[in-house]
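Report on one structure; see the data block that follows.
If you're wondering where the values come from, they're calculated on a predicted model, not measured in any experiment. Quick note on labels: first sequence line is chain A, next is B, and so on, each numbered from 1. Excluded from the calculations below are hydrogen atoms, water molecules and symmetry mates; all remaining heavy atoms, backbone and side chain alike, are included.
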Amino acid sequence: MRFIFKTDYDQDIRILKHSGYWWSYGVLLAVMLAAPYLLGSYLQSQLVFVFIYAIVGVALMILTGFTGQASLGHAAFLAIGAYTAGFMQSLGVPFIVYFPLAAILTGVVGALVGFPALRLHGIYLVIATIAFAFIVEEVLARWESVTHGNEGMRVRALDLLGMPVPRDSEAFYYLCLLVLVGAVLLALNLLRSPTGRAFVAIRDSETAGKSMGIDLAAYKVKSFAISAAITGLAGVLFAHKMTFISPEMFTLLLSIEFIMVIIIGGAFGVHGAIFGAIFIVMVDPFLTALKDDLPVLVASIGDSLGMSPEAAGQLREKLAKIGSAAGLKGAIYGLIIMMFILFEPYGLYGRWLKVKLFFQLFPLYKRATFKRQKTYVKSERNR
Amino acid sequence: MSFFTVDGISLQFGGLKAVDNVSFSVTKGEIFTIIGPNGAGKTSIFNLISRLYDPTSGRLFFEDRDITEVPPHQIAKLGIARTFQNIELFENASMLANLLVGRHCHATTGLWQEMLFLPGVRRAEKEHRRKVEEVIEFLDLQAYRDKLIAGLPYGVRKVIEVARALCSEPKLILLDEPSSGLNVEETDDMSFWIRDIRSELGITVLMVEHDMTLVNRVSDRVLALNYGKVLASGTPAEVQAHPDVIAAYLGA
Ligand SMILES: Nc1ncnc2c1ncn2[C@@H]1O[C@H](COP(=O)(O)OP(=O)(O)OP(=O)(O)O)[C@@H](O)[C@H]1O
Ligand SMILES: [Mg+2]
């Protein structure tokens, strides 16, 4: 275990608290930079999706994790970013213009969503954001002159100052990595300055926040705007990665996936967004593989255990049928969320911290180290 | 010129008059205590002062300024800080972060500056930390600096709440039952701190308190309240000898 003896305020403020962090994050960054040359194109492509999901995860972390305002409408912000890219590109606007423009546009829309959200708490806010996402979905389907409606829209390869950056290139990978690192730094910078602390204050006690001089309305709107703007950036990258966008790509299920990113990763720190993104992006190919291979595997095990060939065949058919049932993915997602909320509310990152502490303290780790104690009854009177 | 004045203030919840035409004024540098049985309307008065509630009638004046219509988030900036009866700390943040929120009303940095963490922000952050450190020193909270509030014992939280209020460098501090839930020793410490807040930091104290020993020990003046109405006011001894006060407490 390492004990830090603080002798100046810079030590508090610094993002990388001590030399150990420099090492581990340095190595991580080096691995990420080398990855395109080490991995096959499939894994590189998966990593790009991890980055895009992680950018949205960071955005959602700012709004939901820090400020405590839940949103099931982030797919809509992603869509606005993506369509801004597609439309602007078709007008011949260069990437370096429409990339920031997408952030500004989604940021403004985010602020507009934030205003009515000021009076809503918890489940009502969730419903309002879902309604917003439906509106956006509907507009995308109907506003054919701009979005080509349900037919969808083709997005050409990204063109960075005359240099083409195709979706499978190393350059695209680095661009996504760069935006992710930028988003993470931005979130960490906010956290160590008054605005980020005001967000956290609003999450934990609006009453106290108000009395400490925090203008709740202003900060909630700021949080919505920042979160939406970052998601808009992810949307641009998403459009270029997919090369084709249509309204049905930005449904409620996608918003749920984003919420899962932070619930599974752990909603209390930026790390959680990364962990969650890795999990979500990797769980999909895993489920597909499971769906294809599990029935065959089970049948062959049954076979080797002396099951009759017909019975084994029937079993395989049955499992394959269950595997291809509609809505199975949603059900499994639901199950995963419930398990996390019940058994590991701090998410994968929380689990990681516990494992780390276990080894640091070995053999003195106490099981109750992370148990929370409720020492008083919180009054909700002043809401 | 009076420092802080409550002028005929009333607050109505439906048919219930929680505060009924209450007037008093606090002079600079005194410790003024409001006492009264449960449900007398003490916390409601605090909520009116910190503008969480709008009064049905009456006015509030602070340093000769009418603050009856000032929005709640601007009260801290004027120099009025408070604690809460049920403790309203930011549970999932460290003590340091909590105290730094106390300095929010002195924040000068803008959003863009903060996102990029420009040198100006770093300078301001250090200044905030220096001020916070003084309060940590003053209330002996060094041991909890980087601890999460959620894991701290009740007594410590109570002190941290006072610390957070002090971090805003107020002129007037409102303490809602600072000793409730504390044991005898902790109450003793609290009474010393309350006196130090007045004598060393020069902050005027307006508090609500049930513990009569503490009230007698620190208060210059006391106001007794029942069913939202003022029963008596004066020195602690005078108020406790007042027949209406005795009747209210004994339920006679
Ligand atoms: N938000 C509210 N809505 C309705 N009634 C309220 C509200 N807040 C307080 N009351 C009522 O107003 C009255 C005064 O409450 P208040 O909290 O001010 O009492 P108090 O003097 O602080 O009591 P205690 O000693 O128990 O803290 C009580 O009858 C209470 O039930
Ligand atoms: Mg009370």
Side-chain angles (χ1 to χ4, degrees), chain A residues 4 6 8-15 17 65-66 68 182 185-219 222 225-226 267-268 369-383, chain B residues 43 47 50-53 71-77 80-82 84-93 96-98 100-111 113-117 121-122 124-126 128-130 133 145-146 149-154 157 161 164-165 167-168 181:
Chain A
I4 312 286
K6 286 189 182 158
D8 68 37
Y9 296 133
D10 273 321
Q11 277 170 299
D12 259 346
I13 297 170
R14 223 169 272 153
I15 288 181
K17 301 281 181 231
F66 301 167
L185 286 179
L186 187 143
L188 292 177
N189 281 344
L190 277 180
L191 265 192
R192 54 184 178 155
S193 41
T195 304
R197 289 193 297 263
F199 288 167
V200 171
I202 291 174
R203 175 192 68 194
D204 284 357
S205 167
E206 293 198 353
T207 312
K210 240 189 289 189
S211 302
M212 304 289 40
I214 295 168
D215 182 352
L216 295 187
Y219 280 93
K222 273 185 203 172
I226 296 170
F268 63 97
T369 308
F370 284 87
K371 277 254 154 57
R372 279 190 54 174
Q373 33 183 343
K374 267 257 177 286
T375 40
Y376 69 98
V377 191
K378 199 175 166 85
S379 90
E380 296 247 320
R381 249 199 220 163
N382 291 323
R383 253 217 171 165
Chain B
T43 301
N47 287 342
S50 46
R51 299 284 301 108
L52 297 176
Y53 294 160
H73 64 265
Q74 283 174 14
I75 291 292
K77 178 115 193 145
I80 303 178
R82 71 170 290 181
F84 295 85
Q85 187 171 353
N86 292 322
I87 306 191
E88 290 276 348
L89 285 170
F90 310 118
E91 284 281 300
N92 301 298
L96 182 66
N98 271 267
L100 284 168
V101 175
R103 294 210 47 84
H104 190 88
C105 55
H106 298 289
T108 49
T109 46
L111 183 59
Q113 256 179 310
E114 291 173 4
M115 287 203 261
L116 302 172
F117 214 75
V121 181
R122 183 178 293 272
E125 279 302 299
K126 282 192 195 167
H128 289 319
R129 271 154 226 267
R130 217 175 47 71
E133 211 62 44
R145 200 165 189 281
D146 294 318
I149 299 295
L152 294 177
Y154 190 87
R157 294 179 192 210
E161 235 200 354
R164 184 179 63 183
C167 283
S168 68

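L96(B) touches chain A through its side chain: at least one heavy atom from C-beta onward sits under 4.5 Å away, while N, CA, C and O do not. Proximity to chain B is absent for every atom of I202(A), based on heavy atoms less than 4.5 angstrom apart. Neither the backbone nor the side chain of I75(B) comes within contact range of chain A, judged by heavy atoms closer than 4.5 Å. With a threshold of 4.5 angstrom between heavy atoms, N98(B) does not approach chain A through any atom at all.
Using a cutoff of 4.0 Å between basic side-chain nitrogens and carboxylate oxygens, E133(B) and R145(B) are scored as salt-bridged. A salt bridge links E125(B) with R197(A): the closest approach of a Lys/Arg side-chain nitrogen to an acidic carboxylate oxygen falls below 4.0 angstrom.
V101(B) and M212(A) make their closest contact through O-CB, 4.0 Å (heavy atoms, listed as atom of the first residue, atom of the second, distance).
Of the residues considered (R103(B), K77(B), R164(B)), R164(B) shows the highest number of contacts with chain A, using heavy-atom pairs under 4.5 Å. Ranked by non-hydrogen atom pairs under 4.5 Å with chain A, the options R130(B), Q74(B), H128(B), R51(B) are led by R130(B). The candidate from P194(A), A187(A), G196(A) with the greatest count of non-hydrogen atom pairs under 4.5 Å with chain B is P194(A). Comparing L111(B), T109(B), I80(B) by heavy-atom pairs within less than 4.5 Å of chain A, the highest count is held by L111(B).
At least one cation-pi condition fails for R203(A) and F199(A): the charged atom is not both under 6.0 angstrom from the six-membered ring centre and inside a 45 degree cone around its axis.
Taking the centre of each ring, H73(B) and Y219(A) stay at or above the 6.0 Å mark.
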Open item on the list: Run the side chain to side chain donor-acceptor pair (under 3.5 Å) test on S50(B) and R82(B) for me, step by step, so that the C-alpha distance in whole Å, both residues' side-chain angles and the decisive distance to 0.1 Å come before the verdict.
Closed with: CA-CA 8 Å; S50(B) 46; R82(B) 71 170 290 181; 2.8 Å; yes

